[in-house]
Trainee: 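Dumping the structure here so I can ask a few things about it.
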Amino acid sequence: KVHSDDEADWSDIGEDLYEGKKRATISRKEANRRRQWASDDDAATAAGRAWPAFPRNHVAAVLRSLLDEVIKHDESKGGIFSEPVSREDFPEYYEQISHPMDYGTMKKKLENGEYRSAQAMQKDFVLVMQNCLKFNAPDSEIVQEARQQALMRPNLLRNAAMKHGLFLADDGSVLEILDDDKSKRTDDGTPKRRRRRKGVDPEESTGSKKQRKRKKNDDSEIEVEEEEDDVPLATMKKKKPRIKISLTGRDSDFSEKKVKRRSRAIDQDDAP
């Protein structure tokens with residue numbers, strides 16, 4: 001299996017999750033247009049979704065930004081979950097809870113490099129919620145606050161990823177965001193070449209160039225000269241081609257016959 005919520009399965013993953021494969025990228029313009037991970041779900045469904053698998057070289061930075069925002073919000077509400085439960089004030093808590101967890105402890109684990117994946121931190125967030133539900137009444141204010149913070153977390157994760165240039169796609173894939181000018185370049189930094197349409201001469205595709213067309217018939221030759229101006233199509237006015245016609249062959253024979261008819265008519269008028 002490629003992805004796993006078990007942290008032990010991630011211990012041998014390289015620095016780049018997509019090492020040996022083409023780097024997954026997206027332009028900033030496209031990132032602003034596309035649908036993000038867990039953005040269309042209702043809050044409860046989004047909170048229950050497994051977190052995306054970040055490349056290992058981005059895990060610590062994204063989780064640090066996320067946890068800072070979580071602690072900031074919790075401290076504005078009194079910091080209930082930011083510190084361990086006091087053993088002196090609530091000794092019975094440690095009799096009921098086998099694995100205590102709080103945001104402060106999670107921050108220390110992050111600083112010590114104990115989170116090898118985003119899923120590992122998600123499991124500790126779930127543990128905080130489970131402990132809260134187990135020790136407190138379901139309708140208590142502390143449980144209500146814990147649920148509210150859980151609903152906020154998917155949006156905080158998306159923002160933390162975006163802060164570090166990562167886009168969480170709707171299918172859970174993680175894409176590196178490139179500025180619009182960088183998205184037009186290849187991995188080695190060279191500009192991408194635009195593909196030419198099949199059968200199109202590059203010299204004819206440039207603007208402000210004259211094109212000539214000739215049509216040959218048995219009795220005439222028509223030369224058409226067209227000009228193409230490099231202006232927007234919306235403001236372009238259709239220009240009539242200038243046509244030059246030279247008559248040869250049958251037209252000269254027709255002129256001689258016409259002259260002969262006129263001379264015959266004159267002779268008939270002069271006749272008595």
Side-chain angles (χ1 to χ4, degrees), residues 1-73 81 99 101-103 105-130 146 149-179 182-183 186-187:
K1 52 188 176 181
V2 179
H3 306 300
S4 172
D5 289 344
D6 189 355
E7 187 176 3
D9 292 340
W10 284 73
S11 59
D12 58 348
I13 299 295
E15 277 300 309
D16 189 352
L17 180 64
Y18 305 100
E19 187 176 358
K21 298 183 180 180
K22 187 177 180 180
R23 186 175 55 172
T25 61
I26 187 174
S27 67
R28 191 168 297 277
K29 182 178 180 181
E30 183 69 11
N32 293 332
R33 186 185 67 84
R34 283 183 58 177
R35 186 171 54 189
Q36 297 187 64
W37 170 80
S39 59
D40 285 350
D41 297 335
D42 60 88
T45 303
R49 289 185 64 172
W51 287 5
F54 289 89
R56 284 288 297 275
N57 57 338
H58 289 89
V59 169
V62 173
L63 296 185
R64 186 176 296 108
S65 296
L66 167 66
L67 194 55
D68 287 345
E69 290 299 318
V70 170
I71 293 176
K72 180 180 178 181
H73 175 80
F81 303 103
H99 303 285
M101 185 54 62
D102 61 273
Y103 302 158
T105 301
M106 293 171 63
K107 188 172 184 178
K108 291 179 180 179
K109 290 180 65 175
L110 180 61
E111 293 173 350
N112 293 333
E114 297 183 37
Y115 291 125
R116 296 189 179 95
S117 68
Q119 291 89 344
M121 177 173 280
Q122 184 183 23
K123 292 173 73 173
D124 278 349
F125 275 122
V126 172
L127 183 59
V128 172
M129 169 65 77
Q130 291 176 343
Q149 291 189 21
L151 297 178
M152 295 171 53
R153 218 158 284 144
N155 185 52
L156 294 179
L157 180 61
R158 290 194 299 266
N159 293 340
M162 190 74 71
K163 180 179 179 180
H164 294 279
L166 298 175
F167 176 80
L168 305 185
D170 183 55
D171 61 355
S173 58
V174 181
L175 308 177
E176 181 181 354
I177 300 175
L178 299 179
D179 292 331
K182 291 183 180 180
S183 64
T186 58
D187 292 340

Trainee: I want to check something: taking the side chain as every heavy atom from C-beta on, are Ile71 and Lys107 in contact at a cut-off of under 4.5 Å?
Mentor: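 In contact.
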
Trainee: Of all the heavy-atom pairs spanning Glu69 and Leu156, show the shortest one and how long it is.
Mentor: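 Looking at all heavy atoms of both residues, the shortest contact is CB-CD2, 4.2 Å.
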
Trainee: What do the steps show when you test Asp41 against Arg49 for side-chain contact (heavy atoms from CB on, under 4.5 Å), and what is the final call?
Mentor: CA-CA 10 Å; Asp41 297 335; Arg49 289 185 64 172; 2.9 Å; yes

Trainee: Working to the nearest 0.5 angstrom, can you tell me the gap between Leu63 CG and Arg116 CZ?
Mentor: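 Taking CG in Leu63 and CZ in Arg116, the distance rounds to 13.5 Å.
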
Trainee: Flag the pair Met121 / Leu67 as yes when at least one side-chain heavy-atom distance between them is below 4.5 Å, and no otherwise.
Mentor: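 The answer is yes; the side chains approach within 4.5 Å.
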
Trainee: Using only atom types and a distance under 3.5 Å, with no angle test, would you say the side chain of Arg158 pairs donor to acceptor with the backbone of Trp37?
Mentor: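 Indeed, once roles are kept as given, a pair shorter than 3.5 Å links the two residues.
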
Trainee: Which heavy atom in Val174 sits nearest to a heavy atom in Pro55, and how many Å separate them?
Mentor: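 That would be CG1-CD, 4.0 Å.
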
Trainee: Rounded to the nearest 0.5 Å, how far apart are NE2 of His164 and CZ of Arg64?
Mentor: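 Going from the NE2 atom of His164 to the CZ atom of Arg64 covers 8.0 Å.
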
Trainee: Can you confirm if the NZ or CZ of Arg34 lies within 45° of the ring axis of Phe167 and under 6.0 Å from the centre of its six-membered ring?
Mentor: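 The answer is no, since Arg34 fails at least one limit relative to Phe167.
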
Trainee: Is Lys108 salt-bridged to Glu111, cutoff N-O under 4.0 Å?
Mentor: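 Salt bridge flag = no for Glu111 with Lys108.
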
Trainee: Quick one: pull up CE in Met106 and CZ in Phe81 and give me the separation to the nearest 0.5 Å.
Mentor: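 The CZ atom of Phe81 is 12.0 Å from CE of Met106, to the nearest 0.5 Å.
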
Trainee: Enter the distance from Glu176:CD to His58:NE2 here, rounded to the nearest 0.5 Å.
Mentor: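 Atom-to-atom, Glu176:CD and His58:NE2 are 6.0 Å apart.
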
Trainee: Once you round to the nearest 0.5 Å, how far does CE of Met162 lie from CG of Leu168?
Mentor: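 The CG atom of Leu168 is 7.5 Å from CE of Met162, to the nearest 0.5 Å.
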
Trainee: Could you check whether any side-chain N or O of Asp42 sits under 3.5 Å from a backbone N or O of Ala44, counting only pairs where one atom can act as donor and the other as acceptor?
Mentor: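 Between the backbone of Ala44 and the side chain of Asp42 there is a qualifying donor-acceptor contact (under 3.5 Å).
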
Trainee: Which heavy atom in Phe54 sits nearest to a heavy atom in Ala118, and how many Å separate them?
Mentor: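 In this case the closest contact between Phe54 and Ala118 is CD1-CB, 3.6 Å.
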
Trainee: Could you walk me through whether Leu175 and Leu166 pass side-chain contact (heavy atoms from CB on, under 4.5 Å), step by step?
Mentor: CA-CA 6 Å; Leu175 308 177; Leu166 298 175; over 6 Å; no

Trainee: Take Asp124 and Lys109 through the side-chain contact (heavy atoms from CB on, under 4.5 Å) test and state the conclusion after the steps.
Mentor: CA-CA 10 Å; Asp124 278 349; Lys109 290 180 65 175; 2.8 Å; yes

Trainee: To the nearest 0.5 Å, what is the distance between CG on Leu110 and OG1 on Thr105?
Mentor: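 It comes to 12.5 Å.
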
Trainee: Find out whether Phe125 and Gln149 are in side-chain contact, i.e. whether some heavy atom of one side chain is under 4.5 Å from a heavy atom of the other.
Mentor: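 The answer is no, as the side chains (C-beta and beyond) never meet within the 4.5 Å cut-off.
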
Trainee: Determine whether Trp51 and Leu66 satisfy the following criterion, side-chain contact (heavy atoms from CB on, under 4.5 Å), listing intermediate values before the conclusion.
Mentor: CA-CA 12 Å; Trp51 287 5; Leu66 167 66; 3.5 Å; yes

Trainee: Where do Ala47 and Ala150 come nearest, in terms of heavy atoms and distance?
Mentor: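 That closest heavy-atom pairing would be CB-O, 3.5 Å.
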
Trainee: Would you mind reporting whether Asp68 and Lys72 have side-chain heavy atoms less than 4.5 Å apart?
Mentor: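 They are not in contact (no side-chain heavy atoms under 4.5 Å apart), so the answer is no.
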
